Amino acid sequence: MPETSTKYFGSVEYGEHDVLLFPSGLPAFEDETEFLLMEPPANAPLVFLQSLKQPGLCFLTLPIQTVDPDYHLDIAPEDLPVLGFDSAEALRVSEPLTCLAVLTVAENGDITANLLAPVVIHRKRQRGVQAVRIDSAYSHNHPLTAPAGAPREEICS
């Protein structure tokens, strides 16, 4: 069984069926095309997107419904074939799709979620894209923590 070294999870064994292929990589990480989803129960609902190429590259994400239960998925036509779809007509955030919001933690501790460009994964085909929306219906820095000066009740703990 293949094994990879990671900065945050140590050595991890995985099967070839566990590898997620992002044919075009992710924006700003175009050379990163293979990832593992790490979902430690102790950290639920957090999902870690671990690069197979760089041990220190691991994206912290949340299922999009955790951030916005009414999220409306919109995928550009050029991304549909990567996921194995001909049209966006029946696409919804549900099986077999996993839709993740990439999180950013600022130096001051504020946490935001990127709802403008979610990571969309077809779990059965093990293929994914970062689906950058062409509209501005959502923000790339949707706050998950209280604004500065407000009481800090963390949504994500």
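Numbers for residues simply follow the sequence, beginning at 1. Source: prediction; values computed, not measured.
Taken from CG in Asp68 to CG in Asp70, the straight-line distance is 6.0 Å, to the nearest 0.5 Å. Atoms CD1 and CG, from Ile121 and Leu21 in turn, are 11.5 Å apart once rounded to the nearest 0.5 Å. Summarising the geometry, atom CG belonging to Leu49 is positioned 9.5 Å from atom CD belonging to Gln130; distances are rounded to the nearest 0.5 Å.
Side-chain atoms of Asn114 come within 3.5 Å of backbone atoms of Ala117 as a donor-acceptor pair (strictly under, hydrogens ignored). In this structure, the side chain of Thr61 engages the main chain of Val47 through a donor-acceptor pair within 3.5 Å. Between the side chain of Arg127 and the backbone N or O of Val82, at least one donor-acceptor pair lies under 3.5 Å. Side chain of Gln50 to backbone of Pro55: a donor-acceptor contact under 3.5 angstrom is found.
Sorted by first and then second residue, the side chain to side chain donor-acceptor pair (under 3.5 Å) pairs with a member in residues 11-25 read Glu3-Ser11; sequence neighbours excluded.
The two atoms that bring Ala131 and Ile75 nearest to each other are CB-CG1, 4.2 Å, heavy atoms only. Nearest heavy atoms, Pro81 versus Pro77: CD-O, 3.3 Å. Residue Pro118 comes nearest to Cys99 through the heavy atom pair CB-SG, 3.6 Å, listed as atom of the first residue, atom of the second, then distance. Between Ala101 and Ile64, the closest heavy-atom pair is CB-CD1, 3.8 Å.
Partners of Ser136 by side-chain hydrogen bond (donor to acceptor under 3.5 Å, both in side chains), not counting sequence neighbours: none found. For Asp135, the side chain to side chain contact (heavy atoms under 4.5 Å, CB included) criterion is met by Asp74, Arg133, Ala137, not counting sequence neighbours. Shown here are the side-chain hydrogen bond (donor to acceptor under 3.5 Å, both in side chains) partners of Ser139, two or more places apart in sequence or in another chain: Asn141. With sequence neighbours left out, the side-chain hydrogen bond (donor to acceptor under 3.5 Å, both in side chains) criterion links Glu78 to no other residue. Taking the ring pair (Phe, Tyr, Trp, His ring centres under 6.0 Å) definition, one finds that Tyr8 meets it with nothing, sequence neighbours left out. For Arg125, the side-chain hydrogen bond (donor to acceptor under 3.5 Å, both in side chains) partners are His122, not counting sequence neighbours. The side chain to side chain contact (heavy atoms under 4.5 Å, CB included) test applied to Pro41 returns no partner, not counting sequence neighbours.
Taking hydrophobic clusters as Ile, Leu, Val, Met, Phe, Trp and Tyr residues chained together by side-chain heavy-atom distances below 4.5 Å, Tyr138 shares a cluster with Leu144. Connection of Leu103 to Leu115 is established within a shared hydrophobic cluster, with ILVMFWY side chains joined at heavy-atom distances below 4.5 Å, either directly or through further cluster members. The hydrophobic clustering, which links ILVMFWY residues whose side-chain heavy atoms are closer than 4.5 Å, places Val129 and Val19 together. Cluster annotation: Val119 is not connected to Val67 through the hydrophobic network of ILVMFWY side chains, with a link wherever side-chain heavy atoms come within less than 4.5 Å. In the hydrophobic clustering of ILVMFWY residues, with side-chain heavy atoms under 4.5 Å counting as a link, Val132 and Leu73 come out apart.
Residue Ile134 shares its hydrophobic cluster (ILVMFWY side chains chained together at separations under 4.5 Å) with no other residue. Grouping Ile, Leu, Val, Met, Phe, Trp and Tyr by side-chain contacts under 4.5 Å, direct or through others, leaves Leu116 on its own. Through side-chain heavy atoms spaced under 4.5 Å, either directly or across other Ile, Leu, Val, Met, Phe, Trp or Tyr residues, Met1 is tied to no other residue.
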Sequence neighbours left out, cut at 3.5 Å: what donor-acceptor pairs do the side chains of residues 25-38 make with other protein atoms?
residue	atom	partner	partner atom	Å
Glu30	OE2	Ala28	N	3.1
Glu32	OE1	Ser51	OG	2.4
Glu32	OE2	Gln54	NE2	2.7

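Other residues, nucleotides and ligands contribute only 12 or fewer heavy atoms inside 6.0 Å of the NE2 atom of His140.
Residues Leu60 and Val102 are not in side-chain contact: their nearest non-hydrogen atoms beyond the backbone lie 4.5 Å or more apart. At least one side-chain heavy atom of Leu46 sits under 4.5 Å from a side-chain heavy atom of Leu62.
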